[in-house]
Amino acid sequence: MNKHAKIYVAGHRGMVGSAIVRLLKTLGHTHIIEKTHAELDLTDHNAVRSFFESEHPDYVFMAAAKVGGIYANNTFPADFIYTNLTIQNNVIYESHRIGVKKLMFLGSSCIYPKFATQPIDESALLTGALEPTNEPYAIAKIAGIVLCQSFNRQYGTQFISVMPTNLYGLNDNYDLKTSHVLPALIRKIHEAKVAGAKEVEVWGTGKPLREFLYADDLADACVFLMHTYTDSSIVNIGTGVDITIADLAKEIQDAIGFKGRLVFNPAQPDGTPRKLLNVSKLTSLGWKAKTPLSRGISLAYQDYLNS
Ligand code: GFB
């Protein structure tokens with residue numbers, strides 16, 4: 001991927017896509033293709049076909065997806081499976097048709113079985129039942145992985161797939177109905193502090209364990225793997241460290257300086273009990289996450305205050 005290669009970052013306005021674009025620009029890449037949703041509707045196959053035929057990108061980062069936290073996944077399952085299958089089918093198929101040199105498909109750690117052995121090795125894929133709150137999203141992502149592998153096998157393409165753990169960072173989604181836990185808690189705790197509230201509701205029991213990766217670290221891993229990785233088998237991207245939701249809430253509370261109480265609401269779903277990725281494959285390839293959670297939370301909080 002030389003500095004003048006044509007690189008299409010699908011989903012460049014999202015948290016992950018914008019982090020990839022930021023990094024590529026910092027690295028001196030001169031030909032990055034960005035299309036807003038208004039300019040290119042990725043669910044419209046004809047529009048995607050015309051785009052690929054006219055732009056002919058050399059490389060594609062497939063970071064466009066319908067994403068959301070546990071509530072959104074559980075409430076809008078049809079949207080999650082349909083939209084993701086459609087956009088990934090369109091982008092992956094048209095990448096094959098025009099002969100893209102290399103495509104990276106971004107999956108998710110929720111592709112693994114709900115009760116996978118921890119930390120979760122890449123080989124756990126398709127070995128057990130999924131977490132029901134996000135099964136439709138997970139199945140779309142699994143289909144994306146198998147689609148890439150099938151094109152590689154049948155047509156000799158180079159479509160690689162990476163599985164990021166739970167993400168957070170700059171340009172995150174702070175809508176409480178659709179966001180993930182970390183941005184949701186930043187917003188709820190900040191608003192409680194400003195309002196002088198005595199307590200903040202944290203969904204679930206606080207006992208689930210999650211691993212959190214800063215989006216700029218993910219972008220760094222993606223660019224690293226785009227340069228170095230050529231295999232069809234998937235690669236986990238994470239920090240190798242997890243934390244309970246209760247401890248995460250406490251850490252965010254301390255960062256924001258909220259003096260009230262955190263109240264857990266077990267009527268809300270916990271989701272999968274633990275989701276820690278085994279990152280030994282990535283480590284052996286030569287990449288490690290850089291941003292500690294405490295620093296990432298303060299950077300994300302600053303970004304929230306500025307947004
Ligand atoms: O981040 P989150 O929505 O996604 O929730 P998942 C993680 C945990 O935080 C769950 C708890 O146990 C939630 O109950 N939690 C506590 C909260 N307070 C809140 C809150 O205010 N908002 C949210 N959202 N959660 C998603 C999947 O699962 O992870 C997606 O649904 C995707 O498919 C994504 O894979 C990475 O980790 O449970």
Side-chain angles (χ1 to χ4, degrees), residues 14-16 63 65-81 83-85 106-116 118 120 125 130-145 162-169 172-192 199-215 218 236-239 242-253 256 258 261-277 293 297 300 304:
M15 180 175 71
V16 171
K66 180 169 180 61
V67 297
I70 195 163
Y71 176 84
N73 267 272
N74 210 16
T75 313
F76 310 110
D79 295 350
F80 276 84
I81 188 164
T83 308
N84 284 307
L85 282 174
L106 280 93
S108 164
S109 56
C110 68
I111 57 154
Y112 293 116
K114 174 168 184 159
F115 297 113
Q118 307 283 325
I120 312 171
L125 180 61
L130 298 164
E131 154 60 30
T133 54
N134 57 34
E135 186 186 74
Y137 175 76
I139 286 179
K141 289 293 186 183
I142 293 169
I145 296 166
V162 298
M163 299 308 118
T165 194
N166 285 36
L167 302 168
Y168 71 102
D172 209 337
N173 170 18
Y174 292 95
D175 177 330
L176 295 179
K177 287 242 186 297
T178 53
S179 59
H180 291 97
V181 60
L182 200 151
L185 291 178
I186 286 181
R187 176 170 173 181
K188 289 203 262 191
I189 294 173
H190 171 79
E191 288 181 351
E199 51 186 50
V200 166
E201 184 191 81
V202 181
W203 294 352
T205 60
K207 291 184 185 141
L209 283 145
R210 293 289 185 275
E211 176 188 16
F212 295 95
L213 178 70
Y214 192 59
L218 172 70
N236 288 340
I237 306 180
T239 63
D242 61 359
I243 181 171
T244 64
I245 297 301
D247 286 345
L248 173 76
K250 182 81 185 64
E251 185 142 355
I252 295 173
Q253 172 174 28
I256 293 179
F258 170 62
R261 276 189 336 126
L262 300 172
V263 180
F264 294 91
N265 178 4
Q268 293 287 350
D270 270 344
T272 200
R274 192 176 184 199
K275 210 167 28 168
L276 175 65
L277 294 180
L293 184 59
I297 288 172
Y304 168 75

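Keep in mind it's a predicted model, so treat the numbers as computed, not measured. Order of listing sets the numbers, starting from 1, for every ligand and every atom in it. All values below come from the heavy atoms of this structure, side chains included, with hydrogens, waters and symmetry mates left out.
Between the choices V67, T205, I70, the shortest heavy-atom distance to atom 3 (O) of ligand 1 belongs to I70. Among W203, Y168, F80, F264, the residue whose heavy atom lies closest to atom 11 (C) of ligand 1 is W203. Nearest to atom 1 (O) of ligand 1 by heavy-atom distance, out of I245, N134, V181, is V181.
Residue contact check for ligand 1: T133 places no non-hydrogen atom closer than 4.0 Å to it. Using a non-hydrogen distance threshold of 4.0 Å, G68 registers as a contact of ligand 1. At least one heavy atom of K188 sits less than 4.0 Å from an atom of ligand 1.
Panel note: side chain K207, backbone A246; no donor-acceptor pair is recorded below 3.5 Å. Not one N or O on the side chain of N173 forms a donor-acceptor pair closer than 3.5 Å with the backbone of G68. In terms of modelled atom types and a separation under 3.5 Å, the side chain of Q253 and the main chain of L262 share no donor-acceptor contact.
The side-chain heavy atoms of N74 and P269, taken from C-beta on, include a pair separated by under 4.5 Å. A 4.5 Å side-chain heavy-atom check between T272 and N134 finds every atom pair outside the cut-off. Taking the side chain as every heavy atom from C-beta outward, L125 and Y112 approach each other to under 4.5 Å.
Looking only at heavy atoms of the protein, atom 10 (C) of ligand 1 is closest to D270 O, 3.3 Å. Residue, atom and distance of the protein heavy atom nearest to atom 31 (O) of ligand 1 are N73 ND2, 3.1 Å. At the top of the distance list for atom 34 (C) of ligand 1, counting protein heavy atoms only, stands H180 NE2, 3.3 Å.
Atoms of ligand 1 found under 4.0 Å from any heavy atom of S108, numbered from 1 in the order shown, are 35 (O). Atom numbering of ligand 1 starts at 1 in the shown order; those under 4.0 Å from a heavy atom of G69 are 3 (O), 31 (O). The ligand atoms of ligand 1 that sit less than 4.0 angstrom from a heavy atom of C110 are 33 (O), 35 (O). Close contacts between ligand 1 and A184 involve ligand atoms 20 (C), 21 (O), 22 (N) [criterion: under 4.0 Å to a heavy atom].
Ring geometry for Y304 against H190 counts as perpendicular: the plane angle is over 60°, on a 0 to 90° scale with 30° as the lower cut.
Checking only distances, P269 does come within under 3.5 Å of ligand 1, N or O to N or O. Inclusion of S179 in the set of residues having an N or O under 3.5 Å from an N or O of ligand 1 is warranted.
The side-chain hydrogen bond (donor to acceptor under 3.5 Å, both in side chains) pairs that include a residue from residues 261-270 are E199-R261, E201-N265, T205-D270, where partners are two or more places apart or lie in different chains.
Heavy atoms of R210 found under 4.0 angstrom from ligand 1 belong exclusively to the side chain. Under 4.0 angstrom from ligand 1, the non-hydrogen atoms of Y137 all belong to its side chain. The residue A138 has no part lying near ligand 1, judged by heavy-atom distances below 4.0 Å. Residue contacts with ligand 1, taken as heavy atom pairs separated by less than 4.0 Å, involve K275 solely via side-chain atoms from C-beta onward.
Note that the CG atom of N73 and the CD atom of E135 stand 11.5 Å from one another [nearest 0.5 Å].
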**Asked** Between E211 and T165, does a side-chain hydrogen bond (donor to acceptor under 3.5 Å, both in side chains) hold up when you go through it step by step?
**Response** CA-CA 6 Å; E211 176 188 16; T165 194; 2.9 Å; yes
